[in-house]
Amino acid sequence: MSDLVLELTAPNGLKYSQPIGLFINNEFVKSTSGEKFATVDPATETDITNVYAASADDVDIAVKAARKALKSEPYKSLGGPGRARLLLKIADLIEQNAHTLATIECWDNGKPYLHALYADVPMVVNTLRYFAGWADKLQGDMIETTPTKLIYTIREPVGVCGQIIPWNYPILMVVWKIAPMLACGNTTVLKPAEQTPLSALFLAMLFKEAGVPPGVINILNGVGRVTGAAIASHLDIDKVAFTGSTQTGREIMKLASINLKNISLETGGKSPSLVFDDADLANAVKWTHQGIMFNAGQTCTANSRILVQEGVYEKFVEQFKEHVKNVSKIGDPFESTTYQGPQVTQAQFDRVMGYIESGKSEGATLAMGGVPHKNVNGKGFYIAPTIFTDVKDHYKIYREEVFGPFCVISSFVTEEEAITRANDTTYGLGASIFTENMKRGHRVARAIESGTVWINSSIDSDFRVPFGGVKQSGIGRELGEAGLAAYTSIKSVHVNLAD
Ligand code: NAI
Ligand code: MG
C-alpha cells in the first residue's frame, strides 16, 4: 500500500484499505504543509491513525479543481441521466461495502456497529437513490404574463459548493450533502469533522470507482477554524452548506458574507417532547427514550426536554427509568447487544459531565445516572444515561443543547402552558407530541415553532421528507423535493414577442 492508503485492522478483525490523504481531482494527495492530525477511537481512547490536514492553500487547490470540473467535460455533458447513473452506482458500491463502512463508523465515532449497519448505511443508500430520481427531473416553469411575452425559468446548479460535515452521523451527513449537490450538477469541496475523518475518505474511493469525474467531489480533512474557515470565506465558492452547532453556524454565516454565499445551515436544537395525559404511555416512553438516548444522545433532533402533563408525570418518570434500565445497554460498540457506545471525544465527554455538574448545582433532582460509565474496559468516553427531574425553565440544562445521553423532565398542567413552554427556546428543529386525541395532535403540531413535528413518535427521518429548522436551528431544508432548492438557482428568461 502507498503511504496515502493504509492497510488497517479494525477491532472486529476487519482488514481494509484506509485512505488518509486529501482527495483532490480524484487522487489522494499529501497536504502542502505535510501536516496531519490523529483521530481517536472513543471506546479505547487510543489513536486509530493520522490523516492529512488541509491548509487554506490546499482548499484553494481543491476549489480550482471544483471550478474547472463544473464547466468541463465529461461532467458538463453528463446531464441529468448521467448524474443519476453516478448516484445509483455510488449507492450500489456503498451497499457492497456496508460492512466496511459500518466498521469505520463504529471505530471512529463509537456508535454501535449494528446501528451503523442497519440504520446509517440503509439511509445513505436510500438518500442516494432518491436524489438519483430527481437528477433528470429538474425542470423550469413557463409563466403566463402578457400575450407578447414568453417567459420561462431554467433551474441551474448553484456552482462550486463548500460543505462542512459534523461527526455524529459521518457518512449520512456526507451523503445528505453530496446527493442533492450532484443530482443538481454542482461540484464540491467537502470537509468532514476532525473527530471522524475516516469514513468520508473511504467513500472517496467509492466515488472514484463509481466514475464521478475528477474535481466534482473533493474531500479535505482538517480542523474547523483552519480548513472550515478557509472554505466558508473562499471567494470562489458559491455556496456553503453546514451541519453542526449554532455557534459555528453563526461564525460560518459571518465568513460567508465576504462574497454573499448562498447558505444552508442545519444547527442545534433543544427539542421538546410533550406527553399528554391521554397518551399511550408505553409508546411515549419507548419513543422519548429512543429520541434522546439513541446515538448516545448525539442527534440534532434529540428530544432533550420532556414535558409531561401532571396526571401521568410520576408514572411516566418511573416507566422511563425502567425502560432506560432495560434498553440502554452500554458497552463495546462492536458488541451486538450494545445500545449505547461512548461519546465521540474527550471534549464531548467533558462537556456532558459539565452539564451534569451544572444540573446538580442549579438544584435539579438527579433521578438517574450522572456519572461516567467505566465498566466496559476501564477506558472509553462512556456516560451513564442521565435523567434530571424538577428542572426549572431557567436552568442551563433546560435551555442549552447538551448533546449526550441526558434529558430533563418537567411537568405541565394545560395544553396552552405546554405550547408556550415548548416554544420558549431559541431553537426550532424538532418537537414530538404524544396524545391519543388526534384533534389535539394536529392543533398542537401547528402551534409548535419547529421544522419537524412528530405525533406519537420521535427523531426518525425519511429521505423523502424535508428536514431543517426554524429560529436558530437553521436556514433551508435538506431531503425531499425541498432539498433541491439549496442546490439550484432559478434563471428567468423573458422573450419579447411584440413587433
Ligand atoms: P462544530 O459545529 O464546531 O463542528 C461541526 C463542523 O464545523 C466540523 O466539521 C468543524 O470542523 C466545523 N467548524 C468548526 N469551526 C468552524 C469554523 N470556524 N469555520 C468553519 N467550519 C468550522 O461542533 P463541535 O465543536 O464538534 O461540537 C460542539 C457542539 O455542537 C455539540 O456538543 C453539539 O451541541 C453541537 N453539534 C450539533 C450537531 C448537529 O447535528 N446539529 C453536530 C455536531 C455538533
Ligand atoms: Mg474518532
Side-chain angles (χ1 to χ4, degrees), residues 37-51 53-54 56 59 104-111 162-170 172-174 176-177 189-200 219-234 237 240-256 261 263 265-271 295-302 304 333 341-352 354-355 381 400-404 406 427 429-430 451 459 461 467-469 472-474 478:
F37 67 93
T39 186
V40 173
D41 168 4
T44 59
E45 305 179 33
T46 53
D47 288 0
I48 298 175
T49 188
N50 294 306
V51 299
V59 169
I104 304 173
E105 290 297 74
C106 178
W107 195 10
D108 204 9
N109 166 283
K111 65 173 63 200
Q163 301 180 307
I164 300 174
I165 308 297
W167 43 260
N168 51 346
Y169 293 89
L172 188 63
M173 292 301 101
V174 168
W176 277 22
K177 300 233 177 330
V189 176
L190 178 147
K191 191 193 89 64
E194 55 269 46
Q195 295 81 356
T196 53
L198 301 180
S199 55
I219 299 181
L220 271 58
N221 275 299
V223 298
R225 64 180 189 284
V226 178
T227 318
I231 289 172
S233 60
H234 200 286
I237 290 182
V240 63
F242 164 78
T243 300
S245 65
T246 293
Q247 197 188 337
T248 300
R250 208 173 281 129
E251 190 59 34
I252 285 175
M253 238 175 131
K254 274 188 221 152
L255 294 171
K261 283 184 188 67
I263 53 176
L265 306 175
E266 198 263 279
T267 54
K270 189 75 180 176
S271 300
N295 212 37
Q298 303 168 140
T299 303
C300 48
T301 49
S304 49
Q343 306 313 116
V344 71
T345 53
Q346 178 80 52
Q348 286 302 118
F349 174 90
D350 292 344
R351 186 184 153 100
V352 178
Y355 278 106
F381 309 127
E400 297 181 12
E401 181 175 54
V402 176
F403 232 59
F406 179 117
Y427 293 117
L429 196 57
I459 77 159
S461 67
F467 179 87
Q472 293 187 37
S473 287
E478 297 186 281

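Just so you know, residue 1 is the first one in the sequence shown, and it goes up from there. Atoms within a ligand are numbered from 1 in the order they appear, just like the ligands themselves.
- Proximity of Thr299 to ligand 1, defined as any heavy-atom pair under 4.0 Å, is not found for any part of the residue.
- Judged by distance alone, with hydrogens and angles left aside, the side-chain atoms of Thr301 form no donor-acceptor pair with the main-chain N or O of Gly430 at under 3.5 Å.
- Ring orientation note: the planes of Trp176 and Phe467 are nearly perpendicular, at an angle over 60° on the 30°/60° scale.
- Taking only nitrogen or oxygen atoms, main chain and side chain alike, Phe242 does not reach within less than 3.5 Å of ligand 1.
- Of all the atoms in ligand 1, the ones that sit under 4.0 Å from a non-hydrogen atom of Gly228 are 19 (N), 20 (C), 21 (N).
- No donor-acceptor contact under 3.5 angstrom links the side chains of Thr267 and Tyr427, judged on distance only.
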Verify side-chain contact (heavy atoms from CB on, under 4.5 Å) between Ile164 and Val240, making sure each step is shown before the conclusion. CA-CA 8 Å; Ile164 300 174; Val240 63; 4.2 Å; yes

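- Residue, atom and distance of the protein heavy atom nearest to atom 9 (O) of ligand 1 are Ile165 O, 2.8 Å.
- Residue contacts with ligand 1 for Gln348 involve side-chain atoms from C-beta outward but no N, CA, C or O (heavy atoms, distance under 4.0 Å).
- Taking all atoms of both residues into account, the shortest heavy-atom contact from Cys300 to Ser271 is O-OG, 4.4 Å.
- Contact analysis leaves Gln298 out of contact with ligand 1, as no non-hydrogen atom separation drops below 4.0 angstrom.
- Between Gly224 and ligand 1, at least one N/O pair is under 3.5 Å apart.
- Each of the atoms 42 (C), 43 (C) of ligand 1 lies under 4.0 Å from some heavy atom of Pro166.
- With hydrogens left out, the protein atom closest to atom 38 (C) of ligand 1 is Phe403 CZ, 3.5 Å, a heavy atom.
- Each of the atoms 19 (N), 20 (C), 21 (N) of ligand 1 lies under 4.0 Å from some heavy atom of Ile252.
- By the 4.0 Å heavy-atom criterion, Ala229 is counted among the residues contacting ligand 1.
- Residue Glu251 has no nitrogen or oxygen atom sitting less than 3.5 Å from a nitrogen or oxygen atom of ligand 1, judged on distance alone.
- Among the atoms of Asp108, an N, O or S atom is found under 2.8 Å from the Mg ion (ligand 2).
- Each of the following atoms of ligand 1 lies closer than 4.0 Å to a heavy atom of Thr243: 5 (C), 40 (O).
- Atoms of ligand 1 found under 4.0 Å from any heavy atom of Glu401 (numbered from 1 in listed order, with element): 33 (C), 34 (O), 35 (C).
- Backbone or side-chain N, O or S atoms of Val344 do not reach the Mg ion (ligand 2) at under 2.8 Å.
- Because the distance cut-off is set at 2.8 Å, Gln195 qualifies as a neighbour of the Mg ion (ligand 2) through one of its N, O or S atoms.
- Each of the following atoms of ligand 1 lies closer than 4.0 Å to a heavy atom of Thr267: 41 (N).
- For atom 25 (O) of ligand 1, no protein non-hydrogen atom is found at a distance below 4.0 Å.
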